[in-house]
Amino acid sequence: MSIYAAGVLVSIVVFVLIGAYAGMKVKGIDDYYVCGRNAPTLFITCTLFASMLSTNGFMGDTAFSYGGNITTMLLLNTLCAGGYVIGGLFFGRYIRRAMVNTMPTYFSHRFNSFRIRRLAAMITVASLFAYLISVLQGTGLLMETLTGFSRITCLLIAWVGITLFTFYSGARGSVLTDTVMCLFFLGITIFAGPYVFEAAGGLENLLDTLARNPETPPGLLDYHGNPRGGPEFDMVFYGITMGIIWLVTVAVSPWQAGRNLMARNEHVILRSSVMMALLTVIFLLYLYLMSISVIPVNPAMDQPEKVMIWAAMELMPPLVGVALLAGILTAGLTSACTFLSVVGFSLSSDILNIKFASEKSQLRFTRGMMLLVSLLSLMIASMDMASIRVIAWFASTIIAASWGYVAFASVWSKKLTERGAYLAMAGGFFGYMVAKLLKELAGVPLVNLFDPFFIGVAISIVLGIWGSKGQTKTIEEITYQDKIHQIPASETVAAEYVRSRYYGWIMVAAGVLVSTFLIYYWAIPYNAFVNQ
């Protein structure tokens, strides 16, 4: 067994052991669904980042940067970072006041409607189940590359780890493991970076090295990135479009905004939003700089998705490389656990909506649903069908297109009614899905402002306004909306506001420092080189 295979198996064992420990702490439904509503800032920040990053961040995004689009990713991530702050301020803290276990339940209570609850849950299950399959496949492929085991064997190993962990420990285990694994892959990535930078001639010389390298992808150092044969404007607009999509996604999706239901208080939501904004911009910039540092050493890789894997195996000491690859693997495992838990919760609590005699019976049933979902995802992932890619195309952002408007309007609109919300949610879902399939399968050129996401959102808003026209909100809807705007007495401690204000100033200072770094080490040297 190679050192890399051993590292993978050890990381999975540690992953499962942490889940077993967390499972022993589960005492009831609140523990299993929302971690007892007592998670501190560190835990919320880490579970948000771990579930967002996944293998896609370490493999897909780094490949895109390596191919010439680091500036595109920086633009995208900056907009995405704003989504955490906007989501926390204008949505996350309000759904926490609702004291619900799932986001579809929140919509049900807010609009006094079971059909909205079921529709929101069906959208959640459709989107995140596809995401679960995608992450399971990606984790299996990564494991296959590192261990040399067969694809089916790797899928089974990943499935066993994910299922045992999530089945037993639920949200409490997910939050604990996300925190441990997030701190691990953050630390090891930061520690491993200097080895990659040194191989490229040093971080301080990176821009000059890339500018003089004839094999550097076109546009890598330009504001627009690599246009890939198309207009430069389209690539810039792509970054803006995807940035807005992810801004809305992280602000309202159940696997991101839903983590706010676990927060100890509203100040934790605001502080973790700031920390997520910083990690999304600063840590990912560091990771992307690592990926483009491989270009002078190994340009034009056949499989750029493996750029960090190659760097770990070829540019780092073996133990450091093993630790980094284990970190990438655990990022995928933690994301898969998040998707599995959210799908299982929505399926058992919101779609089936069975009345149980006790919390113990409900807990047992939820675990059964979790096992069923994981088995189904394993079966589909093992088939390796091409159609899975079609599903994954719309999985990532369909929730934002479906209920992005409804989510914010549920808090702030005085006119949105139950009928308007239902039509808006359904219209956004089908509008996005049809447009996305037309783009990917029929080749319809839906780009920029006509991106399927914007089409879905536009349909959602139009139907929400039209569906509410001539309608009057019920007393239950008005009362519930007023209730979530009432600040709980527990949230008015002056000392907590003082601490939260410090986080705001930290974000301002970080913005100045990142801007200074990019101007001093990127913009000025680049312009000097161009004007030679």
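The figures here come from the full heavy-atom set of this structure, side chains too, leaving out hydrogens, waters and symmetry mates. Starting from 1, each residue takes its place in the sequence as its number. Remember, predicted model here, so these are calculated numbers, not experimental data.
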Mark yes or no for whether [X], through its side chain, and [Y], through its backbone, hold a donor-acceptor pair below 3.5 Å.
X      : Y      : result
Arg93  : Leu270 : no
Glu477 : Thr474 : yes
Ser108 : Pro104 : no
Ser65  : Asp61  : yes
Thr47  : Phe43  : no
Trp412 : Phe90  : yes
Arg37  : Met99  : yes

Given Ile269, which partner from the list Thr41, Asn260, Leu261 fulfils the side-chain contact (heavy atoms from CB on, under 4.5 Å) test? Asn260
Is it the case that atom CZ in Phe450 sees more than 12 heavy atoms from other parts of the structure closer than 6.0 Å? no
Does a sphere of radius 6.0 Å around CZ in Phe191 hold more than 12 heavy atoms from other residues, nucleotides or ligands, not counting ones at 6.0 Å or beyond? no
From [X] atom [atom1] to [Y] atom [atom2], the distance as rounded to the nearest 0.5 Å:
X      : Y      : atom1 : atom2 : answer
Thr249 : Ile244 : OG1   : CD1   : 11.5 Å
Leu48  : Met262 : CG    : CE    : 9.0 Å
Leu287 : Leu53  : CG    : CG    : 7.0 Å
Ile506 : Tyr502 : CD1   : OH    : 10.0 Å
Ile86  : Leu79  : CD1   : CG    : 9.0 Å
Ile123 : Leu128 : CD1   : CG    : 11.0 Å

Could you tell me which residues satisfy side-chain contact (heavy atoms from CB on, under 4.5 Å) with [X], sequence neighbours excluded, listed by chain and number?
X      : answer
Phe237 : Phe233, Thr241, Asn448, Leu449
Ile461 : Tyr405, Val457, Ile465
Ile459 : Ile455, Leu463
Val85  : Leu89, Ala277, Met507

ring-ring contact (aromatic ring centres under 6.0 Å, His included) partners of [X], counting only residues at least two apart:
X      : value
Tyr66  : none
Phe517 : Tyr521
Tyr497 : His267

Can you say whether the rings of [X] and [Y] are parallel (under 30°), tilted (30 to 60°) or perpendicular (over 60°)?
X      : Y      : value
Phe185 : Phe58  : perpendicular
Tyr286 : Phe197 : perpendicular
Trp403 : Phe107 : tilted

For [X] and [Y], test the side chains for any donor-to-acceptor distance below 3.5 angstrom and give the result as yes or no.
X      : Y      : value
Tyr94  : Ser410 : no
Arg264 : Asn38  : yes
Ser377 : Ser374 : no

Is Arg97 paired with Glu266 through a side-chain N to carboxylate O contact shorter than 4.0 Å? yes
Restricting to pairs with a member in residues 71-92, which pass side chain to side chain donor-acceptor pair (under 3.5 Å), not counting sequence neighbours? Asn69-Thr72, Asn77-Tyr288, Tyr84-Gln256
Please list all pairs passing the side chain to side chain donor-acceptor pair (under 3.5 Å) test where one or both residues lie in residues 478-488, with sequence neighbours left out. Arg110-Gln481, Lys473-Gln481
Kindly indicate whether the side chain of [X], heavy atoms from C-beta on, has any atom under 4.5 Å from the side chain of [Y].
X      : Y      : answer
Val343 : Thr124 : no
Leu284 : Leu74  : no
Leu279 : Leu186 : yes
Phe453 : Val248 : yes
Leu136 : Ile133 : no

Nearest heavy-atom pair of [X] and [Y]: which atoms, and what distance?
X      : Y      : result
Cys182 : Phe49  : SG-CD2, 3.9 Å
Thr102 : Val100 : O-CG2, 3.4 Å
Ser253 : Ile399 : CA-CG2, 4.1 Å
Ala192 : Leu324 : CB-CD2, 4.3 Å
Val268 : Ala39  : CG1-O, 3.7 Å
Leu289 : Leu206 : O-CD2, 4.1 Å

Inter- and intrachain pairs under salt bridge (Lys or Arg N to Asp or Glu O under 4.0 Å), touching [range], at least two apart:
range            : value
residues 449-468 : Lys439-Asp451
residues 403-425 : Arg115-Glu418
residues 268-279 : Arg271-Glu496

Step-by-step side-chain contact (heavy atoms from CB on, under 4.5 Å) determination, Val514 to Ile282: CA-CA 7 Å; Val514 171; Ile282 298 174; 3.7 Å; yes
Are Leu416 and Phe111 close enough, and set up right, to give a side-chain contact (heavy atoms from CB on, under 4.5 Å), and what steps lead you there? CA-CA 9 Å; Leu416 184 65; Phe111 295 104; 3.7 Å; yes
Checking side chain to side chain donor-acceptor pair (under 3.5 Å) for the pair Gln471/Ser468: CA distance, chi angles, key distance, verdict? CA-CA 5 Å; Gln471 294 271 299; Ser468 301; over 6 Å; no
Residues Thr280, Met52; criterion side-chain contact (heavy atoms from CB on, under 4.5 Å); working and verdict: CA-CA 10 Å; Thr280 302; Met52 187 270 285; 3.9 Å; yes
Hey, mind stepping through Asn265 and Ser490 against side-chain contact (heavy atoms from CB on, under 4.5 Å) and telling me if it holds? CA-CA 8 Å; Asn265 55 45; Ser490 59; over 6 Å; no
